[in-house]
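Notes for the one structure printed next.
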Amino acid sequence: MEIIAEITPSLNKAKLVKRLEAVRRYVEKVDIPEAPGGKPTAHSLAVGVLAKQLGLEPIVHIRLVDLNKTAFKSLLGGAHILDIRYVVVLQGDPPAEGKPVGEITTEEAVAAAKSMGLKTGALLSLRRDYAKRLEIGADFYLALHFTEPKQLQGLPPVVYPYILVKTGRNASILEKLGQTAVTPGEALGLIHQLQEAAPGIVLSAPGDHHALLQLLEKLRS
C-alpha cells in the first residue's frame, strides 16, 4: 500500500524545502493542497516544482472556485510543461479574498485535465451519497471523512482515504476545517487495517509537521 504525505504550501521556501526533504526519506509522492481554507499562499504548482526538484512525485490540487475556464486551462498547461503528472480538481473553500467564480464543474474539470494527458483525481466525501461522484471518470479519488475500512467496501480500487491526524498542536486547525481526524495511535491502526483494502492513503497532520514525520518513521519501522 502506498503512503502519500501531505505538504501544506507556504511562502517560506526554505521551510518548504526542509519539509519536502524530510518526508523524502519515507515516501515517493506528496499531496499538495491549494490555498487551504481559502487563504492565499504559494500556489500548489510552484510547490510541486520544488518537490520534483527533490525527486518526489507531486499530486497538485487546483481550486475551481477561483477560476474561469481560461485560467483553469492555463494552469493545466502549466502542469503539462512542468511535467507534473498528477492533479486533483476540487471546488475548494470560499476564497478569503475576492469573490468566487464558480464557472467550472468538477465533471468539466476532470474531462479537461484528462484530455491533456494528466492523471486526474477528485475528492470524495464518505459522508455523502457518492455514487454519482464515482461516475465522473476521475482516474483516482481522495476520500474525506474516513474512519474505518468498511467504508471502502464496494468501492473501486482507486480510492485513497485521507487520514488526518489530530494532535495538541493542530486540534484548532482541524476544527476550523471541519474534517474528520484521528489520534496518531488510531492513524497507525487504520493504516495497518487498510493494507489489503486500499491502494494507498494520504497522511496529513496540518499544522504539526513533526507529528507527520513521527508517524512516517513508525510506519517505515
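Along the sequence shown, residues carry numbers from 1.
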Please list, chain by chain and in numerical order, all residues satisfying side-chain contact (heavy atoms from CB on, under 4.5 Å) with [X], sequence neighbours excluded.
| X | answer |
| --- | --- |
| L144 | L123, Y162, Q179 |
| A42 | L11, V47 |
| P156 | L134, V158 |

Name all pairs fulfilling the side-chain hydrogen bond (donor to acceptor under 3.5 Å, both in side chains) condition that reach into [range], sequence neighbours left out, sorted by first residue then second.
| range | result |
| --- | --- |
| residues 135-144 | none |
| residues 164-174 | T167-N170, T167-D208 |
| residues 65-78 | R63-D66 |
| residues 84-113 | E57-R85, Q91-T106, T105-E108 |

Side-chain atoms of residues 191-198: list all donor-acceptor pairs with protein atoms under 3.5 Å, sequence neighbours left out, distances to 0.1 Å.
residue, atom, partner, partner atom, Å
Q193, NE2, G189, O, 3.4
Q195, NE2, I191, O, 3.4

Which residues share a salt bridge (Lys or Arg N to Asp or Glu O under 4.0 Å) with [X], sequence neighbours left out:
| X | value |
| --- | --- |
| E148 | K150 |
| E2 | K29 |
| R25 | none |
| E186 | none |

